[in-house]
Undergrad: 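Pasting in a structure now, in structure tokens, and then I'll have a few things to ask.
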There are 2 protein chains.
Amino acid sequence: MVNGLAHAELIAVLVAVTDNDPRVMTVNAGDALPSGPFESEHRSLQSGLRVWIESQTKHPVGYLEQLYTFGDRDRTPSAEGVGGQARQISIGYLGLVREQDALGADRPQWRGWYDYFPWEDHRTARPEVLGELYARLHHWAQGDELRCQRINFLFGQNGMAWNEDLVLQRYELMFEAGLTENFIQSGVQGFGRVMTGDHRRILATGIARLRAKIKYHPVVFELMPDCFTLLQLQRTVEALSGLPLHKPNFRRQISQQELIEETGEMSGDMRGRPAKLFRYRNDIVEARALTSVRLPVSR
Amino acid sequence: MVNGLAHAELIAVLVAVTDNDPRVMTVNAGDALPSGPFESEHRSLQSGLRVWIESQTKHPVGYLEQLYTFGDRDRTPSAEGVGGQARQISIGYLGLVREQDALGADRPQWRGWYDYFPWEDHRTARPEVLGELYARLHHWAQGDELRCQRINFLFGQNGMAWNEDLVLQRYELMFEAGLTENFIQSGVQGFGRVMTGDHRRILATGIARLRAKIKYHPVVFELMPDCFTLLQLQRTVEALSGLPLHKPNFRRQISQQELIEETGEMSGDMRGRPAKLFRYRNDIVEARALTSVRLPVSR
DNA sequence: TTTCTTAATTCTCACTTTGAGTACATTTTC
DNA sequence: GAAAATGTACTCAAAGTGAGAATTAAGAAA
């Protein structure tokens with residue numbers, strides 16, 4: 001028995017926002033996330049994945065961050081055959097691609113991520129699925145107090161506010177309740193598109209990470225074109241977070257962070273008053289831009 | 001050539017706070033973090049590590065979280081021999097152990113983490129090392145504007161505030177500047193204790209993660225005994241963050257979150273007025289307790 | 001031209017959260 | 001009993017946030 005030997009695979013959640021909708025790169029007609037073996041000639045995991053993605057997709061990847069390493073035994077039921085001894089380990093990455101670089105984003109590999117998680121898009125209204133979802137979850141809960149509290153908390157019911165960050169927890173609750181892949185494949189509508197293995201869970205991990213990250217780190221700009229209006233920026237953040245934002249307050253928040261500057265040009269193509277164009281300030285020191293959560297420090 | 005085959009190793013940053021000092025579990029007289037091969041009989045990475053840690057250390061691990069997966073080629077220069085083909089992949093975990101369970105915390109495996117990062121402890125004063133550290137960093141920077149900005153930002157110089165979260169970035173800057181392992185082993189004092197390979201970097205990753213996490217997730221309580229006073233809690237947070245906290249404001253912040261409740265008992269062993277004892281409320285729903293960063297949501 | 005529509009941009013104001021410090025209470029130690 | 005040490009409760013100004021009104025600038029319709 002070879003201890004510690006495993007098949008290592010890299011798997012990417014590649015995100016772009018086009019037409020105000022967040023999209024994710026898929027393979028097999030939307031059935032899986034792109035992945036490949038970790039080849040040992042690469043210098044590091046990160047650079048290995050970058051090279052591999054760029055050769056596969058032709059899209060330059062601006063931002064790349066490790067998500068999570070998945071290694072549960074029962075993840076991929078079909079993975080038994082790979083050698084008998086060695087386990088499968090998948091290292092997930094989150095990558096961001098600029099709209100302008102994602103040309104061909106209409107090509108079928110790019111799928112709107114709300115196709116997979118329809119209950120996560122609260123931009124215009126509470127998604128309709130939530131009604132049936134609540135019903136089925138509560139049916140599963142069978143009156144168990146803790147389960148009910150968890151449902152209410154995660155899905156913003158019963159006076160609790162919807163928290164957009166809890167994508168993964170919501171998916172995992174649904175998984176526990178038997179409302180994911182097998183259930184959907186039995187023909188139920190509205191609970192999202194399925195993926196192979198645990199790819200949808202990895203996607204949920206990526207969405208959750210990105211939603212949390214945009215709040216304290218200026219990664220949104222990795223998804224924006226060089227020049228953009230404040231409304232375009234707002235629409236992008238809305239697309240990612242799945243929430244409608246308050247325009248004046250959004251613009252106040254952005255401008256006081258001093259992360260962007262006017263280009264001097266105006267956008268002309270739209271209806272209504274033309275908007276100023278902005279660009280991300282690239283004279284910002286690396287990590288400078290974090291809205292830190294504060295402890296009550298003394299002195 | 002076997003593609004995708006790798007040696008997988010689990011590596012743990014196990015933290016406990018005793019005597020108001022954060023400590024980390026080590027092996028080899030403080031030279032390395034505990035680690036071991038990922039054995040394929042485990043159900044998942046997480047459970048594998050938990051079993052392994054608890055059998056090795058006899059400490060129950062309350063909280064366990066994946067940190068990062070390290071796989072750079074040049075990480076461990078000595079790891080060439082392991083088989084010629086397969087790469088080494090290390091999956092790092094952060095684990096928290098309660099003070100009461102870390103009895104024997106005086107045993108030499110538990111080391112104060114500021115032994116490894118003396119410049120990170122700002123509880124009583126700016127650490128003295130910072131003077132020499134600045135000097136050496138600026139000497140390395142050689143006037144390069146970007147490098148200087150980065151130094152000032154990371155080390156809170158030149159009007160910038162010290163940010164306790166940037167542990168990893170600071171370590172990596174020092175690494176770039178050649179102020180880590182080899183440098184220290186050449187006999188320089190005050191730049192911290194070294195570890196084998198990149199273990200000190202993994203420790204920095206763990207500290208950084210924990211410092212960030214305590215601000216929006218109630219993980220501190222995983223380090224506290226069942227009953228504690230508010231000052232004990234404050235001292236623990238101070239120990240982890242390396243900052244002195246404002247007592248009245250800290251207690252206000254804690255009490256309005258309603259995460260703890262009075263036990264009704266009082267602490268008796270200390271000098272001065274006895275303090276109320278509190279316990280963590282275990283009727284809190286799992287994730288309920290997060291101080292979320294807000295976007296300017298509309299409606 | 002005038003008016004309507006759409007969107008950009010600026011301001012206001014109440015309310016909440018923080019930073020910082022003060023005052024007072026209750027115990028042990030000298 | 002006074003001093004020292006700690007616990008606990010307030011106060012108050014400054015900063016930050018949520019919600020919305022008001023104003024400006026363009027094209028389109030009447």
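Keep in mind the model is a prediction, meaning the values are calculated, not measured. Below, each value reflects all heavy atoms present in this structure, side chains not excepted, and no hydrogens, waters or symmetry copies. Chain A is the first sequence line, chain B the second, and so forth, proteins listed ahead of strands; every chain is numbered from 1.
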Undergrad: What integer distance in Å separates L245(B):CG from dG19(C):P?
TA: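 About 11 Å, once rounded to whole Å.
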Undergrad: Do L173(B) and F155(B) have side chains that get closer than 4.5 Å, going by heavy atoms?
TA: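 Contact flag for L173(B)/F155(B) side chains = yes.
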Undergrad: Rounded to whole angstroms, how far apart are CZ on R251(B) and P on dA20(C)?
TA: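 These atoms are roughly 19 Å apart.
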Undergrad: On DNA chain C, nearest-nucleotide positions of Q232(A) versus N249(B): which is more 5'?
TA: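 Result of the comparison: Q232(A).
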Undergrad: Separation of F250(A) atom CZ from dA19(D) atom C1', in whole Å?
TA: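 So the CZ-C1' distance, F250(A) to dA19(D), works out to 17 Å.
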Undergrad: Taking OP1 and OP2 of dA8(C), is either one under 4.0 Å from a side-chain nitrogen or oxygen of K247(A)?
TA: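 Looking at the OP1 and OP2 atoms of dA8(C), one of them is under 4.0 Å from a side-chain N or O of K247(A).
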Undergrad: Which parts of nucleotides 24-30 of chain C does protein reach within less than 4.0 Å, heavy atoms only, written one letter per nucleotide 5' to 3' as B for base, S for sugar-phosphate only and - for none?
TA: -BBB---
Undergrad: On DNA chain D, nearest-nucleotide positions of F278(B) versus P296(B): which is more 5'?
TA: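 Its nucleotide being nearer the 5' end, the pick is F278(B).
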Undergrad: Tell me, do E65(A) and H217(A) make a side-chain contact under 4.5 Å, heavy atoms counted?
TA: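 No. Closest side-chain heavy atoms not under 4.5 Å.
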Undergrad: Side chain of R252(A) only, heavy atoms from C-beta on: which candidate in dT18(C), dT17(D), dG7(D) is closest?
TA: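 Nucleotide nearest to R252(A)'s side chain: dT17(D).
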Undergrad: May I ask you to test the L14(A)-V97(A) pair for a side-chain heavy-atom distance under 4.5 Å?
TA: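 Sidechains of V97(A) and L14(A): in contact.
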Undergrad: Rounding to a whole Å, what distance do you find between E262(B):CD and dG7(D):P?
TA: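 Spelled out: CD on E262(B) to P on dG7(D) is 14 Å.
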Undergrad: Among E238(B), E120(B), E164(B), whose salt bridge (charged side-chain N to carboxylate O under 4.0 Å, His left out) with R211(B) holds?
TA: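 The passing option is E120(B).
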Undergrad: Can you check the Q256(B) CD to dA9(D) P distance for me, whole Å?
TA: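 Atom-to-atom, Q256(B) to dA9(D), this comes out as 14 Å.
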Undergrad: Over all strands shown, is K276(B) touching base, sugar-phosphate only, or nothing at heavy-atom distances under 4.0 angstrom?
TA: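 It contacts sugar-phosphate atoms only.
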Undergrad: Rounded to whole angstrom units, what separation is found between the CD1 atom of I254(A) and the C1' atom of dG16(D)?
TA: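 Rounded to whole Å, this separation is 15 Å.
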Undergrad: Excluding sequence neighbours, so at least two apart, what forms ring-ring contact (aromatic ring centres under 6.0 Å, His included) with Y114(A)?
TA: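 Partners of Y114(A) by the ring-ring contact (aromatic ring centres under 6.0 Å, His included) criterion come out as none, since no residue qualifies.
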Undergrad: To the nearest angstrom, how far is L295(B) atom CG from dA19(D) atom P?
TA: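 Answer to the nearest Å: 13 Å.
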Undergrad: Using a 4.5 Å cut-off on heavy atoms from C-beta on, say whether the side chain of Y280(B) contacts that of M224(B).
TA: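 Result no, sub-4.5 Å side-chain heavy-atom pair not found.
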Undergrad: Output the rounded distance in Å from NE2 (H246(B)) to P (dA14(D)).
TA: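 Checked: the NE2 to P distance equals 16 Å.
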Undergrad: Taking the side chain as C-beta and beyond, is there a heavy-atom pair between R98(A) and P225(A) under 4.5 Å?
TA: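 No; the side chains remain at least 4.5 Å from each other.
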